[in-house]
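Data first, discussion second: the structure below is written as structure tokens.
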Protein chains: 2
Amino acid sequence: MARINRAAAKEKFLRFLEQKNLRMTSQRMAIIDTVFSTDQHFTAEQMLDWARERDQAVSRATVYRTLPLLTESGLVHEMDFGKDYKYYDPNYADSPNHNHIICQDCERIVEFESDKIEKLQGEISQSLGFSLKAQQLRITASCDELKRLGACKNKAS
Amino acid sequence: MARINRAAAKEKFLRFLEQKNLRMTSQRMAIIDTVFSTDQHFTAEQMLDWARERDQAVSRATVYRTLPLLTESGLVHEMDFGKDYKYYDPNYADSPNHNHIICQDCERIVEFESDKIEKLQGEISQSLGFSLKAQQLRITASCDELKRLGACKNKAS
DNA sequence: TAATTTTTGCGTCTCAGTATCAAAAGTTTT
DNA sequence: AAAACTTTTGATACTGAGACGCAAAAATTA
Ligand SMILES: [Mn+2]
Ligand SMILES: [Mn+2]
Ligand SMILES: [Zn+2]
Ligand SMILES: [Zn+2]
């Protein structure tokens, strides 16, 4: 589940902008540089902070405008992890078939791939009249395995 | 995936209230009557509308206060279906092991149970250091099977 | 350089949900 | 049953993520 490398990401984004008659600007550059220097799942506000460390001239509005462009171009995916804000995942361009398990106590997110579950997913979807395209699977659980080791910062501890 | 019957639900809620030194009021009664007359997944705003049809004297505030009580008592479950508002599920008391598949185009939600996927879920969770309790699984897909039949009201059609 | 198009940043708005608080309703004590 | 106390209610204000409108700035084209 490694992210796409920064040069390739820039390349792809440039082609996307060109094709939509949009311009590469210093702010957009700062944002995609920041996005593709992490493989963590991040929020818009986090991205704003990080991008500003790199380039002061990045506004909240531009971040909120650029993330949908990155999404549309396929470089990141919008993720819903059950919080009331969106997450973005920079790891999809490179591994489009991974899924996530989320701890509902802390916010630990772990990626995984499983042929078996992917197959079952497809079978279930189909049997219920859903198509396969763009499917995604999320498991919500508790990491008290990790809690016992002191790794899970459970809020209600 | 049938919901618990209304009388049993009221009974359970009464015991819950008693045990927490809370009172059964006409508003709370109207709300749980409404909740357990549907087996649909609903939002707080929907519940407000429906409960008001039954009893004018139900305010938004009371709905937003009662739903967490019903959740805490185990009669409903808070659900996140990827929208920016919560859903509530009245079907958990009776079938606590069901999962959901959601169409990302329309908002169709279909419940399903699968021993196979449940087993895999447990295996994956465990192998990644997550515990089994309170796990839940959500599949996001597109129902273009149904779309072809004109059943899916896809927004971007 | 001038005209045109795109982008930016600020401020305002929306919307679900929470917090506040005084009035109302229910309970317990005298 | 009146007084004292507790819980609940509803109106209103507030919050926080994100969308939107607009005038200024930047980039492109003429
Ligand atoms: Mn991921
Ligand atoms: Mn359900
Ligand atoms: Zn955890
Ligand atoms: Zn659909």
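To find a chain, count down the sequence lines: A is the first, B the second, and so on, and within it residues start at 1. Only this structure's heavy atoms are used, side chains among them; waters, hydrogens and symmetry mates stay out.
- Atom-to-atom, CG of A/Leu69 to P of D/dA19 comes out at 12 Å; the value is rounded to the nearest Å.
- Taking 4.0 angstrom as the limit, B/Gln27 places none of its side-chain polar atoms (N or O) nearer than this to OP1 or OP2 of C/dA25.
- Residues B/Thr62 and B/Asn21 both approach DNA chain D. Their nearest nucleotides, taken by heavy-atom distance, put B/Asn21 toward the 5′ side.
- Interface remark: the A/Arg65 side chain does form a donor-acceptor pair with the D/dG21 base, using a distance-only criterion of under 3.5 Å.
- The side chain of A/Ala61 approaches C/dC10 more closely than any other nucleotide in the set C/dT18, C/dC10, D/dG10.
- Across the protein-nucleic acid pair, A/Tyr87 atom OH and D/dA17 atom C1' stand 13 Å apart, rounded to whole Å.
- Aromatic ring centroids of B/His41 and B/Phe81 lie under 6.0 Å apart.
- Looking at A/Arg54 and A/Thr34, their side chains do bring a donor and an acceptor atom within 3.5 Å of each other.
- Counting to the nearest Å, the P atom of D/dT28 and the CD atom of A/Glu18 are 12 Å from each other.
- Of the listed nucleotides (D/dA17, D/dT7, C/dG9), D/dT7 has the atom at the smallest distance from the side chain of B/Arg23.
- If you measure from atom CE of B/Met24 to atom C1' of D/dT6, you get 18 Å, rounded to the nearest angstrom.
- Spacing between atom CD of A/Glu78 and atom P of D/dA19 amounts to 8 Å, rounded to whole angstrom units.
- Under 3.5 Å, the side chains of A/Asn97 and A/Glu113 contain no donor-acceptor pair of N or O atoms.
- Counting non-hydrogen atoms under 4.0 angstrom, B/Glu45 reaches nothing in the nucleic acid.
- Spacing between atom CG of A/Asp84 and atom C1' of C/dT14 amounts to 15 Å, rounded to whole angstrom units.
- Among the candidates A/Arg60, A/Arg52, A/Lys83, A/Lys86, the single residue satisfying the salt bridge (charged side-chain N to carboxylate O under 4.0 Å, His left out) test with A/Glu45 is A/Arg60.
- For A/Tyr64, taking side-chain heavy atoms from C-beta onward, the closest of the listed nucleotides C/dT18, D/dA19, C/dG9 is D/dA19.
- Considering only side-chain atoms of A/Ser59, the nucleotide from C/dA16, C/dT18, C/dG9 that sits closest is C/dG9.
- Listed pair B/Lys86 / C/dC15 fails the phosphate criterion, with no side-chain N or O lying under 4.0 Å from OP1 or OP2.
- For D/dT7, the OP1/OP2 oxygens have no side-chain nitrogen or oxygen of B/Thr25 closer than 4.0 Å.
- Between D/dT9 and B/Arg28, a contact under 4.0 Å exists linking OP1 or OP2 to a side-chain N or O.
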Practice task
Please test A/Tyr92 against A/His98 for ring-ring contact (aromatic ring centres under 6.0 Å, His included), starting from the C-alpha separation and ending with a verdict.
Solution key: CA-CA 8 Å; A/Tyr92 265 93; A/His98 73 271; 4.5 Å; yes
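- Looking at heavy-atom distances under 4.0 Å, B/Arg60 makes no contact with the nucleic acid at all.
- At whole-Å resolution of the value, CD1 in A/Ile31 and P in C/dT7 are 13 Å apart.
- Rounded to whole Å, the distance from CG on B/Leu48 to C1' on D/dA11 is 14 Å.
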